[in-house]
Amino acid sequence: MGLQACLLGLFALILSGKCSYSPEPDQRRTLPPGWVSLGRADPEEELSLTFALRQQNVERLSELVQAVSDPSSPQYGKYLTLENVADLVRPSPLTLRTVQKWLLAAGARKCHSVITQDFLTCWLSIRQAELLLPGAEFHHYVGGPTETHVVRSPHPYQLPQALAPHVDFVGGLHRFPPTSSLRQRPEPQVTGTVGLHLGVTPSVIRKRYNLTSQDVGSGTSNNSQACAQFLEQYFHDSDLAQFMRLFGGNFAHQASVARVVGQQGRGRAGIEASLDVQYLMSAGANISTWVYSSPGRHEGQEPFLQWLMLLSNESALPHVHTVSYGDDEDSLSSAYIQRVNTELMKAAARGLTLLFASGDSGAGCWSVSGRHQFRPTFPASSPYVTTVGGTSFQEPFLITNEIVDYISGGGFSLNSSDYSCLPLSSTSASSWNADLHCSICRFLLFSVYSLSPGTNH
Ligand SMILES: *[C@@H]1O[C@H](CO)[C@@H](O)[C@H](O)[C@H]1NC(C)=O
Ligand SMILES: *[C@@H]1O[C@H](CO)[C@@H](O)[C@H](O)[C@H]1NC(C)=O
Ligand SMILES: *[C@@H]1O[C@H](CO)[C@@H](O)[C@H](O)[C@H]1NC(C)=O
Ligand SMILES: *[C@@H]1O[C@H](CO)[C@@H](O)[C@H](O)[C@H]1NC(C)=O
Ligand SMILES: *[C@@H]1O[C@H](CO)[C@@H](O)[C@H](O)[C@H]1NC(C)=O
C-alpha cells in the first residue's frame, strides 16, 4: 500500500496491517499482582488518554544538561527556564498539526496541552479509542492498596504508520498505577533483640548529619522542596502538626505544607505519605514544602506521567523533588523509558534536583527463561536523577556509622553498560547459583548509598 493510501487511512481511520506500527511492542501487559479484571468496558464510557508527541532537539537538550551540570563548563549553573526548554523541544508545527487532525477526526474532546506542547491529554469514548488505536480493547480493572478502578487494554495497540514520526507513545493503555515500594522487612534473625531498635526520629537524623539548629531554612532565599505521592495515599495536616510538636522541638520548622498539587483526598492517612512529608520537613527544616498528591484529572490515568506533565506545565517549581515511585525496568517499553529520560533531562536542564527511591528489592533477582537476572527499578536507574538508597546504623543503639541497608536497590540499569551487572553475570552464569550471583551484584550496589531514615526515602 502506498504512502497516499496510508495518509488516507490516517484521516479516514481505515487501517491495514502494512500501514500501522506498534509503538510499544515491549511493554509488559500482564496483570500486576493484586489487580482483577471486571470485564470489557462499555463502548459509550469515556476515558482519557495521554499522547506523547515527538520532541525536537533532544540531542541539543542532552548537551545542555551536560553543560549546565559540569563544574568545568562555562555554562555551569546557567539553568534554562521552562520557556527556554519549550523553545528547544516543542514539537514541530507538522507534528502538532498532524496529531491534532488525527485526534479531532477520531472525536477526541477536551484536549489539554502543557507549556512545552509535547503532551496532549484528551477524552474519548471507549468506542472511539478502540477505533483510534487498533488492537486496543479496553477492560475494567480494580486493585491496588485503595481498590482503584482503571481502564486498561490487555492487548497491544497500533498507530497509523503516518504517525510514526510524530508520536512517541500513548499513555493510559497498559501501565498500572504503582503499588507501594515500602516492603515489610523479614523478621530479624537474632532472637532476643526482636523489636529493639533505635527510634530514628528527626533529631537522630539531624545529629547523624551534623545539622545544628542554624542548619534550617532562613526564609531569605527561595528554598523549596517537594515530594510526590502516587499511591492514592494522603497525609493529614493535623498529623504533621502533631508530629512536629512531638519531634520538632529542637529545630526551627514549618508545621504545614505550603501547597498541595493534585487531589489530597479525605481517605485515611497513609504510612508512606505521612513518612515522606514528615521526614522531608524535618531534614529540610523550615523550608517551604509542596506535596504532589495523586496528581491528575482522573484516577485511571498513569500517575507518574501526570506528574511529569505537571513539571512541564509550571514555570516556578520547588528546586528539589523526592519521589518514591518505581517500576521494574524490564516491565517498561523502551519508547516509554526513552521519553521519560527526556522528561528528566528537561527537569535537569532547569536545575531541578530529582531524588528517586532506589527500591526495596536489593539487586532484585528474577528468572528469565531459567536464568537469573538482576532487576533494576526505573526511574531509579535513569542517568538523569539522583537515586537514594536506604542505610541503617551499624550499632542500632547508638548514632554511629551507617551501613547500607540490605534491601536497598542500587540505581543501576541493565540497559547501560556503565552501570550494568550483566557482563559479570553472563560470564559463567549457568554454573553460578542465584544467591552467589545476586550477592555479587549486591556487593557492587554497596557503593551507592545515601541518607535515609532507615527505609528508602
Ligand atoms: C496546563 O496548564 C494550563 C494552564 O493552567 C491548563 O489549562 C492545562 O489544562 C494544563 N494542562 C494539563 C495537561 O493539565
Ligand atoms: C560530623 O562531624 C564529625 C565530627 O566532626 C565528623 O567526623 C563526621 O564526618 C561528620 N559527619 C558528616 C555526615 O558530615
Ligand atoms: C524560619 O523561616 C522563617 C520564614 O519562613 C524565618 O522568618 C525564620 O527566621 C526562620 N528561622 C530560622 C531559625 O532561621
Ligand atoms: C522566589 O520565587 C518567586 C516565585 O517563584 C520568584 O518570583 C522569585 O524571583 C524568587 N526569588 C529568588 C531570589 O529566587
Ligand atoms: C538500551 O540500550 C540500547 C543500546 O545502547 C539502546 O539502543 C536502547 O535504546 C536502550 N533502551 C532504552 C530503553 O534506553
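When a ligand or atom number is given, it counts from 1 through the structure's own listing order.
- Considering backbone and side-chain N/O of Thr121, none are found under 3.5 Å from N/O of ligand 1.
- Sorted by chain then number, the residues whose non-hydrogen atoms approach ligand 3 to under 4.0 Å are Val216, Gly217, Ser218, Gly219, Ala252, Gln254, Asn286.
- The pair Glu24-Arg175 counts as a salt bridge, with a side-chain nitrogen and a carboxylate oxygen less than 4.0 angstrom apart.
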Using the side chain to side chain donor-acceptor pair (under 3.5 Å) rule, take Gln55 and Glu343 through it: C-alpha gap first, then chi angles, then the decisive distance, then the call. CA-CA 10 Å; Gln55 296 150 318; Glu343 295 307 306; 2.9 Å; yes

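- Between Lys110 and Glu46 there is no salt bridge, since no side-chain N of the basic residue sits under 4.0 Å from a carboxylate O of the acidic one.
- Just one residue in the list His166, Gln117, Arg54 forms a side chain to side chain donor-acceptor pair (under 3.5 Å) with Thr95, and that residue is His166.
- For Ala86, the side-chain contact (heavy atoms from CB on, under 4.5 Å) partners are Arg90, Ile115, Thr116, not counting sequence neighbours.
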Working note: Thr50 + Gln301, criterion side chain to side chain donor-acceptor pair (under 3.5 Å); need CA distance, chi angles, decisive distance, verdict. CA-CA 8 Å; Thr50 299; Gln301 289 170 336; 5.0 Å; no

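- Here the two rings, on Tyr292 and Phe304, have centers that are 6.0 Å apart or farther.
- Within ligand 1, counting atoms from 1 as listed, the ones closer than 4.0 Å to a heavy atom of Ser113 are 1 (C), 8 (C), 10 (C), 11 (N), 12 (C), 13 (C).
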